[in-house]
Every structure is written in C-alpha cells, then in structure tokens.
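Let me begin by presenting the structure, written as structure tokens, before commenting on it.
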Amino acid sequence: MELGGRILWAFLSGPGRRRGTRGWPFSSWQPHLPLAGSLNATELVSHWTAIFEKRGIPEAQASSEYIVAHVLGAKTFQSLRPVLCTQPLTPRQLQCVQELSSLRLQRMPVQYILGEWDFQGLCLKMAPPVFIPRPETEELVEWVLEEVVRSPCVVGAQGGPLILEVGCGSGAIALSLLSQLPQSRVIAVDKGEAAICLTQENAQRLQLLDRIRIVPLDVTLEGSWTHLMSWGPVDLVVSNPPYIFHQDMEQLAPEIRSYEDPLALDGGAKGMDIITQILALAPSLLKDSGSIFLEVDPRHPELVGSWLQSRPDLSLDLVAVRRDFCGRQTCPANDSGERMKEEEVSSPRIDTVVTPREVL
Ligand SMILES: C[S@@+](CC[C@H](N)C(=O)[O-])C[C@H]1O[C@@H](n2cnc3c(N)ncnc32)[C@H](O)[C@@H]1O
C-alpha cells in the first residue's frame with residue numbers, strides 16, 4: 001500500500017478497560033493477623049484470598065498471590081521455589097504481607113503496592129499517581145514495532161527512527177521501543193512532574209538514558225513545542241493519551257479513581273482534547289513520510305475521521321484501526337458515511353483496516 005502523506009494509526013481499547021463497577025469497600029473492619037509460624041505461603045494466599053473476596057476486592061486470588069510472592073522475593077507465586085510454598089513464614093514476613101494486604105483492602109492497585117511492574121519484558125518502577133501501563137498498550141507497542149520493521153522509510157538519519165512519545169507516564173512505551181529498536185532515539189514528553197521523574201528513573205534503571213530525551217511539557221500550551229523542533233522532525237509520534245470521555249470518569253474503578261492521576265485519564269468532553277492537540281501539531285513535528293500511532297476509545301475513529309476532514313491542512317489520513325485483545329470495537333464510518341469494510345488479515349487482532357483517502 002503506497003501512502004502519500006503523513007498517516008495515522010488508531011489503536012482501539014475496549015470501553016471497559018479503564019472503568020470498573022465495583023464499590024468502595026472502605027470499612028473499619030480489621031483482618032486478623034495469622035499466628036506467626038502457623039501459615040506457609042500457600043495457606044497465606046488462601047487466607048488473604050478469602051478476606052479479599054469477602055471485602056469485594058477484585059482479582060482476590062491474583063492480588064494475594066502477587067503480595068505473598070513479592071514478600072518472599074519472587075515475581076509470581078507460580079515462580080516460587082516449591083520449598084518456599086510449604087515453609088512457614090517468619091513473623092517479619094507475615095507482618096509485611098499484612099501491611100501490603102491492608103493497602104489492597106484500601107483498593108490500592110497491586111502495581112503500586114509492589115512498586116514495580118513488567119511491561120514488554122521490562123521491569124518498571126511504579127509509583128502513584130503515575131499511570132500504570134496496561135496490557136493493551138503492549139499491543140500498541142507491538143504494532144509500532146511491526147510497522148517499523150515493515151516500512152523501510154521509517155528510518156532516521158542515525159539508522160533508526162526518531163520517535164516522539166506524548167504523555168510518557170512511567171516511560172513504558174518509550175523505553176520498550178528503545179529497548180527493542182537499538183538504533184532508535186526517543187523524545188518523551190509529559191506534563192506531570194511525577195511522570196517525568198519516573199520515566200527518568202526507569203530509563204536510568206534500564207540503562208537507556210543515552211537515547212532518550214525526557215522533557216516536561218504540556219502539549220496544550222501554545223509555543224511549548226518550539227524547542228522540540230530543534231531536534232528536527234520525527235519519524236513517529238506514539239501516544240496513549242488521556243482519552244476517557246469526561247462523563248465516564250465517575251464510572252472508573254476505585255483503584256483508578258483514588259490512585260491514578262485524573263490528568264492521565266480525562267480526555268475532556270469527548271475524550272479528544274489531547275488527541276486533537278497531537279494531530280494539530282503533527283505538521284510541525286512529523287516528517288512528511290511519518291506516522292502517528294494513538295491508543296484511543298472505540299468511539300474515537302469516527303470522531304477523529306470527522307475532525308480530520310475539517311482540517312485538510314494537516315495532510316493526515318487515518319489509515320488503520322485495530323482493536324485491543326478484549327475485542328471490543330465500534331466500526332467507524334468512512335468519508336461517505338458508509339460502514340468501513342472489515343478485512344481479515346494475518347493478525348487476528350486486526351479487525352478493521354482503513355485505507356487512506358488517496359488510495360480509495
Ligand atoms: C494514559 S497516560 C499514558 C502513560 C504511558 N504512556 C502509558 O501508556 O503507560 C497519559 C499521560 O499523558 C500525560 N498528559 C496528560 N495531559 C498532558 C498534556 N497536556 N501534555 C503532556 N502530557 C500530558 C499524563 O500526565 C499521563 O502521564
């Protein structure tokens with residue numbers, strides 16, 4: 001498929017991905033501490049799973065397994081050495097499990113409790129209120145990687161693409177692209193101070209600081225981009241922007257509502273505030289042959305399509321839409337208002353391919 005101008009790839013995430021329906025279980029109820037020496041890891045997991053279930057904590061068993069494994073020095077319960085599963089925990093270990101489980105009872109996400117989480121095989125430090133990277137976003141990264149490998153024009157002057165990530169959060173997208181594209185360089189921007197610090201720390205931990213520039217920047221501020229232009233136009237823009245419709249914010253799970261930065265989630269009335277900022281800036285920042293990859297809500301391709309029609313000056317075409325592994329998607333309409341054709345392609349995760357206007 002030959003593409004004339006700059007192009008846009010939209011990655012749809014299911015409507016439920018950042019929401020939740022469970023209630024806030026705050027109460028004065030105190031779980032009792034099991035007697036020291038009396039419980040091994042397997043029994044302790046059962047003990048806390050039962051408490052979590054009783055208190056309506058989502059993913060009760062997984063939560064207790066992660067916590068117990070973490071205290072015993074493993075990433076997952078399944079990877080614990082068999083002897084550690086049957087050996088009684090020490091009083092100190094029991095106390096530690098108790099403290100971390102109490103945080104879970106307050107609906108703190110497991111990722112913040114453990115203080116680290118894996119994304120694309122990288123172990124990243126996590127800290128509230130910086131957005132916790134979701135598994136759906138790993139698919140966005142995989143899509144970008146596929147396109148970089150497939151498209152020889154996505155190569156910058158130093159032999160790899162120059163990538164701009166808008167809203168880097170913990171650095172998950174930027175750092176996983178850097179680690180899998182050894183020739184690439186990334187400019188990672190975020191308006192949140194905590195996000196900038198966490199990306200910096202994660203880049204340092206992963207020894208990727210030499211190929212990343214981490215810039216505190218609010219994309220909605222006029223003129224904020226001018227100093228980015230000195231690094232030249234980029235080959236790719238990647239973003240998992242805040243895209244939740246404002247009215248949907250109230251339906252978010254307590255884990256999200258109480259611990260993650262609302263600025264990482266709330267995309268304004270139609271979830272488009274940051275999306276349109278990114279698109280509007282593309283001509284100044286993106287090479288003519290460049291691409292933008294965005295994670296969006298299933299309602300967005302239609303909205304983005306209409307918005308792009310009102311901005312022909314941007315020379316941007318929405319060329320492809322994928323849905324996430326949850327498989328939820330609305331099929332957007334094309335220019336003539338018809339439903340877009342669904343094509344079967346090699347990856348089962350791709351459901352709709354939108355060809356660029358020039359090719360239609
Ligand atoms: C959904 S989070 C994505 C974080 C990370 N990329 C990930 O996928 O895990 C969106 C990020 O955009 C940042 N952000 C929100 N508004 C912004 C703005 N106006 N300018 C720059 N960054 C912004 C937030 O601070 C947040 O870190």
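Both ligands and their constituent atoms are indexed starting at 1 by order of listing. Please read these numbers as outputs of a predicted model, since none were measured by experiment.
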Polar contact flag for [X] and ligand 1 (N/O pairs, less than 3.5 Å):
{"X": "D261", "result": "no"}
{"X": "F131", "result": "no"}
{"X": "A172", "result": "no"}

Can you name the atoms of ligand 1, numbered from 1 with element, that are less than 4.0 Å from a heavy atom of [X]?
{"X": "L263", "result": "15 (C), 16 (N)"}
{"X": "D218", "result": "18 (C), 19 (N), 20 (N)"}
{"X": "L217", "result": "20 (N), 21 (C)"}
{"X": "I173", "result": "6 (N), 8 (O)"}

Donor-acceptor pair, distance only, cut-off 3.5 Å: does the side chain of [X] make one with the backbone of [Y]?
{"X": "E53", "Y": "A50", "value": "no"}
{"X": "H300", "Y": "K270", "value": "yes"}
{"X": "R107", "Y": "I57", "value": "no"}
{"X": "N202", "Y": "L124", "value": "no"}
{"X": "R185", "Y": "R213", "value": "no"}
{"X": "R134", "Y": "I132", "value": "yes"}

| request: State which residues pass side-chain contact (heavy atoms from CB on, under 4.5 Å) with P129; sequence neighbours excluded, sorted by chain then number. | output: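 If we apply the side-chain contact (heavy atoms from CB on, under 4.5 Å) test to P129, skipping adjacent residues, the hits are A194, D261.
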| said: Please enumerate all residues that pass salt bridge (Lys or Arg N to Asp or Glu O under 4.0 Å) together with E99, with sequence neighbours excluded. | reply: none
Which residue from [options] reaches closest to [atom] through any of its heavy atoms?
{"atom": "atom 11 (C) of ligand 1", "options": "G167, C168, A188", "value": "G167"}
{"atom": "atom 23 (C) of ligand 1", "options": "E136, E193, K191, E260", "value": "K191"}
{"atom": "atom 7 (C) of ligand 1", "options": "L140, V166, N240, V189", "value": "N240"}

| Do D235 and I163 touch side chain to side chain, with heavy atoms closer than 4.5 Å? |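 Counting from C-beta outward, D235 and I163 never come under 4.5 Å.
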| query | Does V215 reach the side chain of W231, with side-chain heavy atoms less than 4.5 Å apart? | reply | yes
Please classify the [X] to ligand 1 contact at 4.0 Å (heavy-atom distances, strictly less than): side chain, backbone, both or neither.
{"X": "S170", "answer": "neither"}
{"X": "V219", "answer": "both"}
{"X": "T137", "answer": "side chain"}
{"X": "E165", "answer": "side chain"}
{"X": "V130", "answer": "neither"}

